[in-house]
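We name chains A, B, ... by the order of the sequence lines, and we start the count at 1 in each one.
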2 protein chains.
Amino acid sequence: MLEYIILGFLMTKERSGYDLKRCMTQTTSYFFDASFGSIYPALKRLTQKGLVTFREDVDGGKFKKVYRITDSGRTAFMQWVGEPITFERSRQDHLVRVFFYEFLPRQTAVDNLKDLMLQVTRVAQGLTEQKGEMERRYDVHQFPYRYATLLYGVEYYDLVLRWCDDLIDDLKSDSATPRHAGHE
Amino acid sequence: MLEYIILGFLMTKERSGYDLKRCMTQTTSYFFDASFGSIYPALKRLTQKGLVTFREDVDGGKFKKVYRITDSGRTAFMQWVGEPITFERSRQDHLVRVFFYEFLPRQTAVDNLKDLMLQVTRVAQGLTEQKGEMERRYDVHQFPYRYATLLYGVEYYDLVLRWCDDLIDDLKSDSATPRHAGHE
DNA sequence: TAGGTCATGTAAAGAGTTACATGATTTT
DNA sequence: AAAATCATGTAACTCTTTACATGACCTA
């Protein structure tokens, strides 16, 4: 997967490993991210397979390896991107603890959910700004897919926030039956 | 994480590795799942740490190891479940390809998105049925967290479906500008 | 008797992160 | 002069899946 994402980013222009990391952090990190520890080995593998080449560049004294996609790289990417999308149920780690919140005092549950909302709000803010910037600067109909993935992110975070809020409301209105009583 | 989920499932009753797998598939698979290849080693580790014990059972000739949570297991679980929830941006693999759909002919994009919708619909159906069954059989206010996580799943799949649908609509209304033209 | 389900387990491989090592340049 | 950023890379570790091995019981 990572290798194809790298190829995808190289489809439009040549980039260094460092550039690729920045790309991901800025544009895809809300649905896919990778560390240097996986990017550099991936670039090595792609080079060995002949899907990318690189030139060494000294830009202002700084040593750089700038990667460019090859023709077979383009072919491999085009083959991959056209394949049917396989829907994988994605792990939602934040749900795991909540699933077991029956064992927690209601107040702790509410506090932790509120804290979760704060975290999500922070992440969501960055995305919403990106979306606004895109709407201001471009005609979004020209980039339907980039815009759609951004929208997905904004709506997803919105869902998580609404969900937390609804659950907190539900817990407050119903504080007469503390489910955590009786354990042990 | 897996070890705590196992402890969580053992909080209410004793279960075998096989039971635990069935539990997860039935109740948490839309946000967390694990294979036998990770469950059995996890149970071994939990036993070594003294957080669970087991008894060997021969149920109708079938050999079973039934695990029970210990007191230190309960303590460890209660400590974990009360910790603040850390929100991790979760990978949404289905978005990765779509992010690069500018390189695909519009018709292929639409076809693949429709196929994705079919897959999601199938997964969503199971969850919606579970939700309906819970509403019929129990007073959902008695199980706010189980019900909330179910709701999350239903709403999440709904979001994905609406998102696909909106994107397909957008692509149809705007078919005059095929963005894929011009590559290679 | 063949295939399905119940039941446990291991080994190899895959995919990734974290931490570290290195060193130049740029900003404070 | 220190700290941050740019830039590449490796090694150890973690977590996980897939594939396999084993064997009993159940059902068509």
A:Thr47: side chain to side chain contact (heavy atoms under 4.5 Å, CB included) partners, not counting sequence neighbours: A:Val52, A:Phe54, A:Tyr67
Only pairs at least two apart or in different chains count here, so list each salt bridge (Lys or Arg N to Asp or Glu O under 4.0 Å) that has a residue in [range].
range                       : result
residues 147-156 of chain B : none
residues 112-132 of chain B : B:Lys131-B:Glu135
residues 33-58 of chain A   : A:Glu3-A:Arg45, A:Glu3-A:Lys49, A:Glu14-A:Arg55, A:Lys21-A:Asp33, A:Arg55-A:Asp57

Can you tell me the distance, in whole Å, between the [atom1] atom of [X] and the [atom2] atom of [N]?
X       : N      : atom1 : atom2 : value
B:Asp33 : D:dC15 : CG    : P     : 17 Å
A:Ile6  : D:dT8  : CD1   : P     : 12 Å
A:Glu88 : D:dT18 : CD    : C1'   : 14 Å
A:Phe32 : C:dT17 : CZ    : C1'   : 13 Å
A:Tyr4  : C:dA15 : OH    : C1'   : 15 Å
A:Arg15 : D:dA7  : CZ    : P     : 14 Å

May I ask you to check whether B:Tyr147 and B:Tyr138 place their ring centres under 6.0 Å from each other? no
Measuring from the side chain of B:Leu2 (C-beta onward, heavy atoms only), which nucleotide among C:dT8, C:dT17, D:dT16 has the closest atom? D:dT16
[X]: side-chain hydrogen bond (donor to acceptor under 3.5 Å, both in side chains) partners, not counting sequence neighbours:
X       : answer
A:Ser35 : none
A:Thr70 : A:Ser72
B:Arg22 : B:Asp19
A:Ser38 : none

Of residues 16-29 of chain A, the positions that come close to DNA chain D - non-hydrogen atoms, cut-off under 4.0 Å: A:Ser16, A:Gly17, A:Tyr18, A:Arg22
What parts of residues 36-51 of chain B reach DNA chain D, counting only heavy atoms under 4.0 Å away? B:Gly37, B:Ser38
Got a list of side-chain donor-acceptor pairs under 3.5 Å for residues 79-88 of chain B, not counting sequence neighbours?
unit_1, atom_1, unit_2, atom_2, d
B:Gln79, NE2, B:Glu83, OE2, 3.2
B:Glu83, OE1, A:Arg97, NH2, 2.9

Heavy-atom contacts, protein to nucleotides 20-28 of chain C, under 4.0 Å, summarised as B (base), S (sugar-phosphate only) or - (none) per nt, yield ----SS---
Taking OP1 and OP2 of D:dA24, is either one under 4.0 Å from a side-chain nitrogen or oxygen of B:Lys64? no
If only side-chain N and O atoms of A:Arg91 are considered, is one of them under 4.0 Å from the OP1 or OP2 phosphate oxygen of D:dT16? yes
What contact category does B:Asp57 fall into here, base, sugar-phosphate, or nothing, at under 4.0 angstrom with non-hydrogen atoms? nothing
So A:Phe36 and A:Tyr18, would you call those rings parallel, tilted or perpendicular, with 30° and 60° as cut-offs? parallel
